[in-house]
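Keep in mind that what you see is a predicted model, and the values were worked out from it rather than measured. Every number for a ligand or one of its atoms is a count from 1 in the order of the listing.
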Amino acid sequence: MADCIFCKIIAGEIPGRKIYEDGEILAFHDVNPQAPVHFLVIPKKHIPSVMDGADPGLLGKLLFKAQELAVQEGCGEKGGRFVINCKEDGGQTVDHLHVHALGGRPLDWPPG
Ligand code: DGP
């Protein structure tokens with residue numbers, strides 16, 4: 001999608017610190033990290049949010065890859081958190097489905 005910042009990262013039109021890429025998904029470090037480990041896993045297909053028609057297989061792949069990469073990034077022992085913000089009430093700011101993976105410090109709960 002032309003004016004989507006994550007589609008531009010996928011296309012290589014703007015830089016992203018990539019961690020992983022295959023034909024369907026891309027993972028890259030968040031530009032505004034909220035924890036020592038903070039990266040995003042996104043589908044290459046433009047899907048605005050998790051409530052906008054992602055198929056079960058793709059959702060499973062995004063989450064599976066997020067945990068696999070979190071282990072790779074050093075969160076295997078102490079864990080972390082996987083978050084999908086959705087639309088207005090969820091605080092989603094980029095309208096391209098993404099899984100946040102956070103770790104490397106204790107994380108507060110519940111969210112504000
Ligand atoms: P959310 O609030 O769930 O929509 O989170 C969007 C995240 O995307 C936020 O943590 C910051 C990140 N982000 C926004 N623009 C860019 C960018 O251009 N590059 C990277 N790497 N991350 C971005």
Novice: Output yes when Lys87 and Asp52 qualify as a salt bridge under the 4.0 Å nitrogen-oxygen rule, no when they do not.
Specialist: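 Yes, charged N to carboxylate O under 4.0 Å.
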Novice: Suppose we screen for side-chain contact (heavy atoms from CB on, under 4.5 Å). Which residues come up paired with Asp55, at least two apart in sequence or across chains?
Specialist: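 Asp55 satisfies side-chain contact (heavy atoms from CB on, under 4.5 Å) with Leu58 once adjacent residues are dropped.
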Novice: Identify, with sequence neighbours excluded, every residue that meets side-chain contact (heavy atoms from CB on, under 4.5 Å) alongside Asp22.
Specialist: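 Asp22 satisfies side-chain contact (heavy atoms from CB on, under 4.5 Å) with Tyr20, Glu24, Ile25, Lys61 only.
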Novice: Under a 4.0 Å heavy-atom cut-off, what residues line ligand 1?
Specialist: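 Under the 4.0 Å cut-off, ligand 1 touches Ile5, Phe6, Ile9, Phe28, His29, Asp30, Val31, Leu40, Asn85, Gly91, Gln92, Thr93, Val94, His98, His100.
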Novice: Please report, to 0.1 Å, the donor-acceptor pairs under 3.5 Å made by any side chain of residues 35-42, with sequence neighbours excluded.
Specialist:
| from | atom 1 | to | atom 2 | distance (Å) |
| --- | --- | --- | --- | --- |
| His38 | ND1 | Gln34 | N | 3.0 |
| His38 | NE2 | Asp30 | OD2 | 3.4 |
| His38 | NE2 | His100 | ND1 | 2.8 |

Novice: Counting only N and O atoms by type, is there a donor-acceptor contact under 3.5 Å from the side chain of His96 to the main-chain atoms of Pro43?
Specialist: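 At least one qualifying donor-acceptor pair exists.
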Novice: Counting neighbours of NZ on Lys44 that are heavy atoms of other residues, nucleotides or ligands and sit closer than 6.0 Å, is the number greater than 12?
Specialist: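 Correct, the count exceeds 12.
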